[in-house]
Amino acid sequence: MDFMERLQERINAINQLPVVCKLGYLGTDESLVLYPLPGSQVTQRFMDGTTDQQLNYEIAMKSKSQNRIHQTLWLIQNELEGLSQLESKDGSYEFDELIITNKPFINQIDDQGWFVFLLDVQAKITVFKESE
């Protein structure tokens with residue numbers, strides 16, 4: 001299933017995004033990342049193997065500039081809040097909706113001046129059974 005890759009692609013398509021979003025965890029320097037969170041679940045199963053799922057993701061940004069993080073995550077949040085379509089390139093899912101579960105918030109500051117802010121989202125999608 002290519003949902004996470006399509007979400008990353010959509011984030012990177014936002015005009016004036018100052019940092020490229022990558023999949024995985026925060027690096028040692030300024031970074032913007034997308035990764036899955038625990039708690040995702042199948043909400044309904046159909047006889048043909050298709051499932052409705054709720055998937056939890058987090059978008060995290062690390063920078064020494066709180067203002068840069070704030071502007072970036074609110075730009076992403078505003079874009080994702082209005083998202084009505086996100087097509088699969090391999091036909092593995094159908095997008096239903098994306099819900100912002102936590103607006104951007106500070107998570108960490110270290111003694112070297114790095115700030116980490118987070119934005120949490122939940123996607124509702126229908127996942128089609130893979131062909132054998």
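Only a predicted model underlies this, so the values are computations on that prediction, with no experimental measurement involved. For the single chain, residues carry numbers from 1 onward in sequence order. Just the heavy atoms: all of them, side chains too, but no hydrogens, waters or symmetry mates, feed the values below.
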*Asks:* Answer whether the closest heavy-atom distance between the side chains of Pro36 and Met4 falls below 4.5 Å.
*Replies:*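 Yes - at least one pair of side-chain heavy atoms lies under 4.5 Å apart.
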*Asks:* Could you state whether Ile11 and Met1 fall into the same hydrophobic cluster, counting links through intermediate Ile, Leu, Val, Met, Phe, Trp or Tyr residues with side-chain heavy atoms under 4.5 angstrom apart?
*Replies:*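 Yes, Ile11 connects to Met1 through the hydrophobic network.
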*Asks:* Can you sort out the partners of Glu81 under salt bridge (charged side-chain N to carboxylate O under 4.0 Å, His left out), two or more places apart, ordered by chain and number?
*Replies:*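 Scan of Glu81 (salt bridge (charged side-chain N to carboxylate O under 4.0 Å, His left out), adjacent residues dropped) gives Lys103.
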*Asks:* What I'd like to find out is whether the side chain of Thr50 reaches to under 4.5 Å of the side chain of Val127, using heavy atoms alone.
*Replies:*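 Thr50 does not reach Val127 side chain to side chain.
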*Asks:* Are any non-hydrogen side-chain atoms of Thr51 and Thr126 less than 4.5 angstrom apart?
*Replies:*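 Heavy-atom side-chain distance check fails, nothing below 4.5 Å.
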*Asks:* Do you know which two heavy atoms are closest between Gly27 and Lys62, and how far apart they sit?
*Replies:*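 Shortest heavy-atom contact: O-NZ, 3.1 Å.
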*Asks:* Could you pull out the closest heavy-atom pair between Leu26 and Ala60, with the gap in Å?
*Replies:*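 Looks like CD2-O, 3.8 Å.
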*Asks:* Pair Glu58, Leu34 - check side chain to side chain contact (heavy atoms under 4.5 Å, CB included), show working.
*Replies:* CA-CA 6 Å; Glu58 191 158 70; Leu34 169 68; over 6 Å; no
*Asks:* If we ignore hydrogens and angles and just use 3.5 Å, is the side chain of Asn56 paired with the main-chain N or O of Gly39 as donor and acceptor?
*Replies:*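 Yes; at least one donor-acceptor contact below 3.5 Å.
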*Asks:* Applying the 4.5 Å side-chain criterion to the ILVMFWY set and letting contacts propagate, would Ile14 and Leu23 be lumped into a single cluster?
*Replies:*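 Yes, one cluster joins them.
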*Asks:* Is there a donor-acceptor pair closer than 3.5 Å between any side-chain N or O of Gln41 and the backbone N or O of Gln53?
*Replies:*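 Not at all, since once roles are kept as given, no pair shorter than 3.5 Å links the two residues.
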*Asks:* Do Asp48 and Lys129 have side chains that get closer than 4.5 Å, going by heavy atoms?
*Replies:*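 Not in contact.
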*Asks:* Sort and list the pairs that fulfil salt bridge (charged side-chain N to carboxylate O under 4.0 Å, His left out) and have at least one residue in residues 111-125, not counting sequence neighbours.
*Replies:*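 Non-adjacent pairs meeting salt bridge (charged side-chain N to carboxylate O under 4.0 Å, His left out): Glu97-Lys124.
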*Asks:* Could you check if a side-chain atom of Leu73 sits within less than 4.5 angstrom of a side-chain atom of Leu118, using non-hydrogen atoms only?
*Replies:*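 Of all side-chain heavy-atom pairs linking Leu118 with Leu73, none is under 4.5 Å.
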*Asks:* Group every Ile, Leu, Val, Met, Phe, Trp and Tyr by side-chain heavy-atom contacts under 4.5 Å, then state whether Ile106 and Leu119 land in the same group.
*Replies:*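 They do share one cluster, since a chain of ILVMFWY contacts under 4.5 Å joins Ile106 to Leu119.
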*Asks:* Using 0.5 Å steps for rounding, measure from the CZ atom of Phe128 to the OG atom of Ser92.
*Replies:*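 Between atom CZ of Phe128 and atom OG of Ser92 there are 8.5 Å.
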*Asks:* Nearest 0.5 Å, please: how far is CG in Leu32 from CD1 in Ile69?
*Replies:*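 Answer rounded to 0.5 Å: 10.0 Å.
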*Asks:* Which value, rounded to the nearest 0.5 Å, describes the distance between Asn15 atom CG and Glu79 atom CD?
*Replies:*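 The CD atom of Glu79 is 8.5 Å from CG of Asn15, to the nearest 0.5 Å.
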*Asks:* For Asn12, what residues pass the side-chain hydrogen bond (donor to acceptor under 3.5 Å, both in side chains) criterion, not counting sequence neighbours?
*Replies:*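 If we apply the side-chain hydrogen bond (donor to acceptor under 3.5 Å, both in side chains) test to Asn12, skipping adjacent residues, there are no hits.
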*Asks:* Enter the distance from Ser88:OG to Glu5:CD here, rounded to the nearest 0.5 Å.
*Replies:*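 Nearest 0.5 Å value for the OG-CD distance: 9.5 Å.
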*Asks:* What verdict does the side chain to side chain contact (heavy atoms under 4.5 Å, CB included) test give for Val121 and Leu55, after you've listed the backbone C-alpha separation in whole Å, the side-chain angles of each residue and the deciding distance to 0.1 Å?
*Replies:* CA-CA 8 Å; Val121 300; Leu55 305 173; over 6 Å; no
*Asks:* Holding to salt bridge (charged side-chain N to carboxylate O under 4.0 Å, His left out), I want the full list of residues that pass it with Arg6, two or more places apart in sequence or in another chain.
*Replies:*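 By the salt bridge (charged side-chain N to carboxylate O under 4.0 Å, His left out) rule, Arg6 matches Asp2, Glu9.
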*Asks:* With sequence neighbours excluded, tell me which residues meet side-chain hydrogen bond (donor to acceptor under 3.5 Å, both in side chains) with Ser65.
*Replies:*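 Not a single residue meets the side-chain hydrogen bond (donor to acceptor under 3.5 Å, both in side chains) criterion with Ser65.
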*Asks:* Using the salt bridge (charged side-chain N to carboxylate O under 4.0 Å, His left out) criterion, which residues pair with Glu87? Sequence neighbours excluded.
*Replies:*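 By the salt bridge (charged side-chain N to carboxylate O under 4.0 Å, His left out) rule, Glu87 matches no residue at all.
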*Asks:* Any pair with a residue in residues 11-39 that passes salt bridge (charged side-chain N to carboxylate O under 4.0 Å, His left out), sequence neighbours left out, goes on the list, sorted by first then second residue, please.
*Replies:*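 Listed once each, the pairs are Glu30-Arg68.
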*Asks:* Using salt bridge (charged side-chain N to carboxylate O under 4.0 Å, His left out) as the criterion, list what pairs up with Lys64, not counting sequence neighbours.
*Replies:*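 Lys64 satisfies salt bridge (charged side-chain N to carboxylate O under 4.0 Å, His left out) with no residue once adjacent residues are dropped.
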*Asks:* Side chain to side chain contact (heavy atoms under 4.5 Å, CB included) for Thr72 and Leu17? Distances and angles first, verdict last.
*Replies:* CA-CA 6 Å; Thr72 302; Leu17 192 69; 3.8 Å; yes
*Asks:* Name all residues meeting the side-chain hydrogen bond (donor to acceptor under 3.5 Å, both in side chains) criterion together with Ser31; count only those two or more places apart in sequence or in a different chain, and write none if there are none.
*Replies:*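 Applying side-chain hydrogen bond (donor to acceptor under 3.5 Å, both in side chains) to Ser31 gives none.
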*Asks:* In terms of heavy-atom contacts, does CD of Gln16 have more than 12 from other residues, nucleotides or ligands at under 6.0 Å?
*Replies:*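 Counting other residues, nucleotides and ligands, CD of Gln16 stays at 12 neighbours or fewer.
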*Asks:* Would you call Tyr57 and Gln122 a side-chain contact if the rule is heavy atoms closer than 4.5 Å?
*Replies:*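 No; the side chains remain at least 4.5 Å from each other.
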*Asks:* Quick one: side-chain hydrogen bond (donor to acceptor under 3.5 Å, both in side chains) partners of Ser40, sequence neighbours excluded?
*Replies:*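 By the side-chain hydrogen bond (donor to acceptor under 3.5 Å, both in side chains) rule, Ser40 matches no residue at all.
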*Asks:* Sorted by first residue and then second, give each ring pair (Phe, Tyr, Trp, His ring centres under 6.0 Å) pair with at least one member in residues 18-41; sequence neighbours left out.
*Replies:*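 Sorted result for residues 18-41: Tyr25-Tyr35.
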*Asks:* Are Trp74 and Val19 connected, step by step, through hydrophobic side chains (Ile, Leu, Val, Met, Phe, Trp, Tyr) whose heavy atoms are closer than 4.5 Å?
*Replies:*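 Different clusters.
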*Asks:* In Å, rounded to the nearest 0.5 Å, how long is the span from CZ of Phe117 to CD1 of Ile59?
*Replies:*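 CD1 of Ile59 is found 15.0 Å from CZ of Phe117.
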*Asks:* To the nearest 0.5 angstrom, please state how far the CD1 atom of Ile100 sits from the CD1 atom of Ile76.
*Replies:*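 Reported to 0.5 Å precision, the distance equals 10.0 Å.
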*Asks:* The test is side chain to side chain contact (heavy atoms under 4.5 Å, CB included); show your working for Leu7 and Leu86 and say whether it passes.
*Replies:* CA-CA 7 Å; Leu7 184 57; Leu86 194 62; 4.1 Å; yes
*Asks:* Enumerate the ring pair (Phe, Tyr, Trp, His ring centres under 6.0 Å) contacts for residues 75-113, please, sequence neighbours excluded, ordered by first and then second residue.
*Replies:*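 Found Phe3-Tyr93.
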